[in-house]
Amino acid sequence: EDQVTQSPEALRLQEGESSSLNCSYTVSGLRGLFWYRQDPGKGPEFLFTLYSAGEEKEKERLKATLTKKESFLHITAPKPEDSATYLCAVWRRETSGSRLTFGEGTQLTVNP
Amino acid sequence: DTEVTQTPKHLVMGMTNKKSLKCEQHMGHRAMYWYKQKAKKPPELMFVYSYEKLSINESVPSRFSPECPNSSLLNLHLHALQPEDSALYLCASSQGVYYVQYFGPGTRLTVT
């Protein structure tokens, strides 16, 4: 059975204090890994897709990396507007289509 | 443009009511999804439509009835819901079932 574990569950940072969020996974037939950002009461916003170990993607203060067993979302010099829940999801191909399995998320709070 | 729209934003209904949620996209995407999200939990897949045909039903109770009238529109018909069905209902779409999913803002449903 696919498993996606995110850590930490919650993270508080001061503005400008860089850190990383972790997403570890076990899945057969992995097609890719997604990172989404979700603000309270809103739908997840797509950030990155990573397809193979060693791949890296960057967007503003965020950088996502992928190994064979985990992915990291690095946040450099965060700002209060980066506060949100960050969701990782693994993408597995099936005969009836593809399926996303989400982790529980990391709730990030950046204090000014 | 990666916009998925959902109406209504909020819905309060009694257990004997019949209501519908609506989702629309004009990106030419051929796969559409319904997810259910409880507070502080990740989205849970309910249904997947591919080329207007139901391809995945995650053993969802029959009180939830999906409908895909055309490639741009996805409905979720609700009947005889229970209070535990109160949640954020998210619609997503993708170019195909093997592509990135983009989420709408969600409908906050409260069953009284």
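The sequence lines fix the lettering, A, B, ..., with proteins before strands; numbering per chain opens at 1.
- B:L73 and B:Y102 fall into different hydrophobic clusters, where Ile, Leu, Val, Met, Phe, Trp and Tyr side chains are chained together by heavy-atom contacts under 4.5 Å.
- Of all non-hydrogen atoms in B:R108 and A:G41, the two that sit nearest each other are NH2-CA, 4.1 Å.
- Heavy-atom neighbours of chain B within the stretch residues 45-66 of chain A, taken at a separation under 4.5 angstrom, comprise A:F46, A:T49.
- Contact of B:Q6 with chain A is not made at all, since no heavy-atom distance falls under 4.5 Å.
- B:E84 CD: more than 12 foreign heavy atoms inside a 6.0 Å radius.
- The same ILVMFWY cluster, assembled from side-chain heavy atoms under 4.5 Å apart, contains both B:L74 and B:L54.
- Between A:F102 and B:P42, the shortest heavy-atom contact is CB-CB, 3.5 Å.
- The hydrophobic clustering, which links ILVMFWY residues whose side-chain heavy atoms are closer than 4.5 Å, places B:Y49 and B:Y99 apart.
- Other residues, nucleotides and ligands place more than 12 heavy atoms under 6.0 Å from the NZ atom of B:K38.
- Across every non-hydrogen atom of B:Q101 and A:Y36, the tightest pair is O-OH, 2.6 Å.
- Residues B:L90 and B:L78 are members of separate hydrophobic clusters, defined by side-chain heavy-atom contacts under 4.5 angstrom among Ile, Leu, Val, Met, Phe, Trp and Tyr.
- Residue A:E104 comes nearest to B:K40 through the heavy atom pair OE1-O, 4.4 Å, listed as atom of the first residue, atom of the second, then distance.
- Within 6.0 Å of atom CZ in B:R63, more than 12 heavy atoms from other residues, nucleotides or ligands are found, so the atom counts as buried in its surroundings.
- Each of B:A92, B:S50, B:G104, B:P105 has some count of heavy-atom pairs under 4.5 Å with chain A, and the biggest count is that of B:P105.
- Counting heavy atoms from C-beta outward, A:L100 and B:Y33 have side chains that stay 4.5 Å or more apart.
- Here the closest non-hydrogen pair linking B:P43 and A:L87 is CD-CD1, 4.0 Å.
- For CD of A:E17, the number of neighbouring non-hydrogen atoms (other residues, nucleotides, ligands) closer than 6.0 Å is greater than 12.
- Shortest non-hydrogen contact noted between B:L88 and A:K42 is CD2-O, 4.0 Å.
- No continuous path of hydrophobic side-chain contacts links B:Y35 to B:L76 [ILVMFWY only; heavy atoms under 4.5 Å].
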